[in-house]
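Model, not experiment: these values are computed from the prediction.
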Amino acid sequence: MSVAVVTDSTAYLPADLVARHGIEVVPLYVVLAGRSGREGSDVTSAEVARSLAARGGQVTTSRPTPGDFVAVYRRLLAGGADRLVSVHLSGELSGTWDAARVAASQVGEHLVTVLDSRSAAMGSGFAVLAAARAAERGASAEEVAAAARDTAAATRTFFVVDTLEHLRRGGRIGSAAALLGSALAMKPVLHVTDGQVVALEKVRTSARALNRLVQRATEAAGERPVAVAVHHLAAPERAQKLADQLAAQLPSVTEVFVSELGAAVGAHVGPGAVGVVVAPVTGAPG
């Protein structure tokens, strides 16, 4: 049985891995400066960062349409795939998963399995990668979906933002809203749990916040083999420093990816955001 793996553009998988494993990516839409475009191809991270940094700059996002997913699903099935596994960012943060479910009902739910990763960025990206690697090993659709589900459940995502304002505007902060009253002089450390953005703690400086990200990632990794992704928006030096610290400190890290957040997630975290995703390694990297 041939199983194809689908995700959305917020997984932020490195392009070489997408190509190597034949992962299909359906883009979200981003609206800024009076125009709308697809994340990654029409609207770049740099454009989003510039717009958010400008006084009064507004950036909004929207999910792919069910029709976008239907077109991809039918093309893959017509191209030889017997089953599809479609893994997406948290349904608590976006309607993307719901659009995929609607599309699956139109194409055939016996052919398409849609999963909510309950995470975002490489928090879902690592689950997608686990699914793709399982599919390449000849696993069934049920086994491919289980690989994604298990990896997503064991993956931890931590991040720091310069301001909670962008998350507040987009309605993505969940219980982190409790920090708003005192956030002016603080750097909130947040994480994604059960599909929502939740506050972990707050510290007084950016340097301390980065140190806490390293500590949190180290605690999440333990002694087991892990892969790590470091995300940022318009903060490449900060992200690289964080990646270097993690590579040196984690005892059994197998892969470290550094990438800029795309427009859809970047619009909600804002310039200066840095995040770390820690995922267990269950098979050989590739």
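Note: Arg101 CZ to Leu115 CG = 11.5 Å, rounded to the nearest 0.5 Å. The line from CG of Leu89 to OG1 of Thr96 is 5.0 Å long, rounded to the nearest 0.5 Å. A distance of 6.5 Å separates CE of Met122 from CG of Leu129, quoted to the nearest 0.5 Å. Atom OG1 of Thr254 and atom CZ of Arg224 lie 11.5 Å apart (nearest 0.5 Å). With values rounded to the nearest 0.5 angstrom, His191 atom NE2 is found 12.5 Å from Leu213 atom CG. Atom OG of Ser119 sits about 12.5 Å away from atom CD of Glu92, to the nearest 0.5 Å.
Under the 4.5 Å side-chain heavy-atom criterion for grouping Ile, Leu, Val, Met, Phe, Trp and Tyr, Val189 is connected to Val278 within one hydrophobic cluster. No continuous path of ILVMFWY side-chain contacts below 4.5 Å connects Val112 to Val128, so the two sit in separate hydrophobic clusters. Val3 and Leu111 are not part of a single hydrophobic cluster, where members link through side-chain heavy atoms under 4.5 Å apart. Hydrophobic cluster membership is shared by Leu93 and Leu261, with clusters built from Ile, Leu, Val, Met, Phe, Trp and Tyr side chains linked at under 4.5 angstrom. Linking Ile, Leu, Val, Met, Phe, Trp and Tyr residues whenever their side-chain heavy atoms come within less than 4.5 Å places Leu13 and Val277 in a single cluster.
Minimum heavy-atom separation, Ser117 to Ala152: O-CB, 3.6 Å. Between Thr157 and Gly123, the shortest heavy-atom contact is OG1-CA, 3.8 Å. The two atoms that bring Ala49 and Pro271 nearest to each other are O-CG, 3.7 Å, heavy atoms only. Phe257 and Pro14 make their closest contact through CD2-CG, 3.7 Å (heavy atoms, listed as atom of the first residue, atom of the second, distance). The minimum heavy-atom distance linking Glu255 with Arg133 is given by the pair OE2-NH2, 3.5 Å. Nearest heavy-atom pair, Thr151 versus Ala130, reported as atom, atom and distance to 0.1 Å: OG1-CB, 3.3 Å.
Using a 4.5 Å heavy-atom cutoff, the side chains of Val192 and Phe159 are in contact. Between Val160 and Leu190 the shortest side-chain heavy-atom distance does not fall below 4.5 Å. The side-chain heavy atoms of Val214 and Leu246, taken from C-beta on, include a pair separated by under 4.5 Å. Within the 4.5 Å cutoff, no side-chain heavy atoms of Val5 are placed close to those of His21. The shortest side-chain heavy-atom distance between Val226 and Ser252 does not fall under the 4.5 Å cut-off. Looking at Leu32 and Val43, their side chains come closer than 4.5 Å, going by heavy atoms from C-beta outward. Residues Leu17 and Ile23 form no side-chain contact, since every pair of their non-hydrogen atoms from C-beta on lies 4.5 Å or further apart. Considering only heavy atoms from C-beta on, Phe158 comes within 4.5 Å of Leu200 through its side chain.
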Under the side chain to side chain contact (heavy atoms under 4.5 Å, CB included) criterion, do Val230 and Val228 qualify, and how do the steps go?
CA-CA 7 Å; Val230 177; Val228 172; 4.3 Å; yes
Please evaluate residues Val107 and Arg74 with respect to the criterion side chain to side chain contact (heavy atoms under 4.5 Å, CB included), reporting the C-alpha separation (whole Å), side-chain torsions for both, the decisive distance (0.1 Å), and the verdict.
CA-CA 7 Å; Val107 173; Arg74 286 179 174 163; 4.2 Å; yes
Derivation and outcome, salt bridge (Lys or Arg N to Asp or Glu O under 4.0 Å), residues Glu219 and Arg156:
CA-CA 10 Å; Glu219 292 166 3; Arg156 300 294 305 278; over 6 Å; no
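Environment of CZ in Arg212: crowded, with over 12 heavy atoms of neighbouring residues, nucleotides or ligands closer than 6.0 Å.
Among residue pairs with one or both ends in residues 78-117, those qualifying as ring pair (Phe, Tyr, Trp, His ring centres under 6.0 Å) are Phe69-His88; sequence neighbours excluded. Judged as a ring pair (Phe, Tyr, Trp, His ring centres under 6.0 Å), not a single pair has a partner in residues 129-154 (not counting sequence neighbours). Sorted by first and then second residue, the ring pair (Phe, Tyr, Trp, His ring centres under 6.0 Å) pairs with a member in residues 216-253 form an empty list; sequence neighbours excluded.
We find that Asp98 and Arg63 are joined by a salt bridge, their nearest charged nitrogen and carboxylate oxygen being less than 4.0 Å apart. Under 4.0 Å is where a charged nitrogen must lie from a carboxylate oxygen, and between Arg208 and Glu201 no such pair does. A salt bridge links Glu24 with Arg75; the closest basic N to acidic carboxylate O contact falls under 4.0 Å.
A donor and an acceptor atom, one from each side chain of Asn211 and Gln215, are nowhere located under 3.5 Å apart. Side-chain contact of Tyr29 with Asp68: a donor-acceptor pair under 3.5 Å is present, judged by distance alone.
Under a 3.5 Å cut-off, the side chain of Ser105 and the backbone N or O of Val102 do form a donor-acceptor pair. Between the side chain of Arg118 and the backbone N or O of Asp194, at least one donor-acceptor pair lies under 3.5 Å. A donor-acceptor pair under 3.5 Å is absent between the side-chain atoms of Arg238 and the main chain of Ala234, judged by distance alone. Not one N or O on the side chain of Thr7 forms a donor-acceptor pair closer than 3.5 Å with the backbone of Val25. With Asp8 contributing its side chain and Val26 its backbone, the two residues share no donor-acceptor pair below 3.5 Å. Side chain of Ser86 to backbone of Val114: no donor-acceptor contact under 3.5 angstrom is found.
In the hydrophobic clustering, Val31 connects to no other residue, as no ILVMFWY side-chain heavy atoms lie under 4.5 Å from its own.
Listed by chain and number, the residues in a side chain to side chain contact (heavy atoms under 4.5 Å, CB included) with Asp82 are Met1, Ser2 (sequence neighbours excluded).
For the side-chain contact (heavy atoms from CB on, under 4.5 Å) with Asp116, the lone residue among Ser124, Ser90, Ser94 that qualifies is Ser90.
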Please tabulate, for the side chains in residues 139-148, all donor-acceptor contacts under 3.5 angstrom to protein atoms that are two or more places apart in sequence or on a different chain.
{"residue": "Ser140", "atom": "OG", "partner": "Glu143", "partner atom": "N", "Å": "3.2"}
{"residue": "Ser140", "atom": "OG", "partner": "Glu143", "partner atom": "OE1", "Å": "3.4"}
{"residue": "Glu142", "atom": "OE2", "partner": "Arg83", "partner atom": "NH1", "Å": "3.4"}
{"residue": "Glu143", "atom": "OE1", "partner": "Ser140", "partner atom": "N", "Å": "2.8"}

